[in-house]
Amino acid sequence: MDAHKNSISASPTSAHANSVFAHVVRAPEDPILGVTVAYNKDQSPLKLNLGVGAYRTEEGKPLVLNVVRKAEQLLVNDMSRVKEYLPIVGLADFNKLSARLILGADSPAIQENRITTVQCLSGTGSLRVGGEFLAKHYHERTIYIPQPTWGNHTKVFTLAGLTVKSYRYYDPATRGLNFQGLLEDLRSAPAGAIVLLHACAHNPTGVDPTLEQWEQIRQLVRSRELLPFFDSAYQGFASGSLDGDAQSVRRFAADGGECLIAQSYAKNMGLYGERVGALSIVCKNADVASKVESQLKLVIRPMYSNPPIHGASIVATILKDRDLFNEWTIELKEMADRIISMRLQLFESLHAKD
Ligand code: IK2
């Protein structure tokens, strides 16, 4: 007993000196989330966090939507609810309603049952699962991402096993879309290459193609047999309209071709930390879709087994109830309108200082 005690008390210094991890070098903070770390350390009363895109109220506080609080109350009061594991693909209602939200209730892809949707860990997890599926089962492993794009895209897709290249997107001279550059780069991409498209509210530029430009992009993508992978992290945030912000995706899903869609409820339902999202793969027919789903399960099971139940239950509760859904659209529009007006005020104040 004593010998054991001695060996424990004698060991800390030497054990520490000989750590098997002694060679590990300190990694830099994440360029986006690291800003929040620095922000939290900063004592200045004037500080503003311009890193991660999280909505703030007029008082600078995080917002939990009323409709989310209502849905949570309903869930808490429902004594029939249990905490069992979800299936690998997540909550069935959530998946069905998420596909309907992004594609529209009258989507031919949904009616023809040629879509598979799996619940994932928010937008990031949906991109990662989609990326790993493509690296395993798709013949062209190169993905083209816009230049610039959300900082995590390159890492997510590289670690998923894809080769990342970029296409021109933003033109600093016009502070708008470099549409010719975009078309040229996609035209010269190898046939079959995957193309990451921000469905709306392009991060970080805020510049989106017009509907006419989307149509040209769609025609080019289809004629070159490129595979579109939509990242929809801001549905409803760009224009205040859920349907309006889904137009880009709906065009592609309706033309009979295939595409992937990563959806996030972090911003539009304010469910950032609940990590709720969905990956949909629109396929040529129902048989392919069901085989694709069986392989998505093989990607997910060893990664995190199955997704968490709470956030998806909140979303499903809101999406399936007409009153709650309407309430959500009103709160969402209020957020979007406030963002638009804050940007305008910032622009005008900067202009006035010129
Ligand atoms: N895709 C884009 C274009 C995004 O902007 C985001 C969210 N970015 O902000 C949060 C962050 O930097 O981590 C995502 C995907 C992923 O969002 P989430 O995984 O939070 O749904």
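We count residues from 1, following the sequence as given. In this text the structure is predicted, and so the values were computed from the model without any measurement. Order of listing sets the numbers, starting from 1, for every ligand and every atom in it.
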Counting from 1 in the order shown, the ligand 1 atoms closer than 4.0 Å to a non-hydrogen atom of S264 are 18 (P), 21 (O)
Taking 4.0 Å as the limit for heavy-atom contacts, which would you say applies to I32 with ligand 1: side chain only, backbone only, both, or neither?
side chain
For atom 3 (C) of ligand 1, what is the nearest protein heavy atom, given as residue, atom name and distance?
D231 OD2, 3.4 Å
Flag, side chain of T329 to backbone of N326, donor-acceptor distance under 3.5 Å:
yes
Would you confirm whether the ring centroid of Y138 sits within less than 6.0 angstrom of the ring centroid of F229?
no
Report the C-alpha separation of V156 and T124 in whole Å, then their side-chain angles, then the decisive distance to 0.1 Å, and conclude whether the side-chain contact (heavy atoms from CB on, under 4.5 Å) test is met.
CA-CA 8 Å; V156 166; T124 310; 4.1 Å; yes
Using a strict cut-off of 4.0 Å, indicate which atoms of ligand 1 neighbour a heavy atom of K267.
7 (C), 8 (N), 9 (O), 10 (C)
Can you tell me the protein heavy atom closest to atom 12 (O) of ligand 1 and the distance?
W150 NE1, 3.0 Å
Taking NZ in K47 as the centre, count heavy atoms belonging to other residues, nucleotides or ligands within less than 6.0 Å. Is the count above 12?
yes
Does the pair D185 and R168 meet the rule for a salt bridge (Lys or Arg N to Asp or Glu O under 4.0 Å), with working shown?
CA-CA 7 Å; D185 288 350; R168 279 171 284 171; 2.9 Å; yes
Between E184 and R187, is there a salt bridge with N-O shorter than 4.0 Å?
no
Per-atom filter on ligand 1: closer than 4.0 angstrom to a heavy atom of G123 are 18 (P), 19 (O), 21 (O)
Name the closest protein heavy atom to atom 17 (O) of ligand 1, giving the residue it belongs to and the distance to 0.1 Å.
T124 OG1, 3.9 Å
For N203, atoms of ligand 1 separated by under 4.0 Å from a heavy atom
3 (C), 4 (C), 5 (O)
Heavy atom of H202 under 4.0 Å from ligand 1?
no
Checking salt bridge (Lys or Arg N to Asp or Glu O under 4.0 Å) for the pair K284/E258: CA distance, chi angles, key distance, verdict?
CA-CA 6 Å; K284 280 276 180 195; E258 304 186 302; over 6 Å; no
What are the atoms of ligand 1, with element, lying closer than 4.0 Å to any heavy atom of Y234?
4 (C), 5 (O), 7 (C), 8 (N)
If you count the atoms of ligand 1 from 1 in the order shown, which ones are under 4.0 Å from a heavy atom of H198?
3 (C)
Other residues, nucleotides, ligands: >12 heavy atoms within 6.0 Å of Q216 CD
yes
Checking a contact table here: which protein heavy atom is nearest atom 10 (C) of ligand 1, and how many Å away?
V52 CG2, 3.4 Å
Relative to the heavy atoms of A266, which atoms of ligand 1 are at a distance of less than 4.0 Å?
20 (O), 21 (O)
Ligand 1 atoms nearer than 4.0 angstrom to some heavy atom of R275 are 18 (P), 19 (O), 20 (O)
Nearest 0.5 Å, what's the OG-CG distance between S313 and L75?
5.5 Å
Please state which part of Y265 comes within less than 4.0 Å of ligand 1, counting heavy atoms only: side chain, backbone, both or neither.
neither
Nearest neighbour in protein (non-hydrogen) for atom 18 (P) of ligand 1:
S122 OG, 3.4 Å
Just do the salt bridge (Lys or Arg N to Asp or Glu O under 4.0 Å) check on K297 and E293 with the steps written out, would you?
CA-CA 6 Å; K297 285 156 85 171; E293 180 163 311; 5.3 Å; no
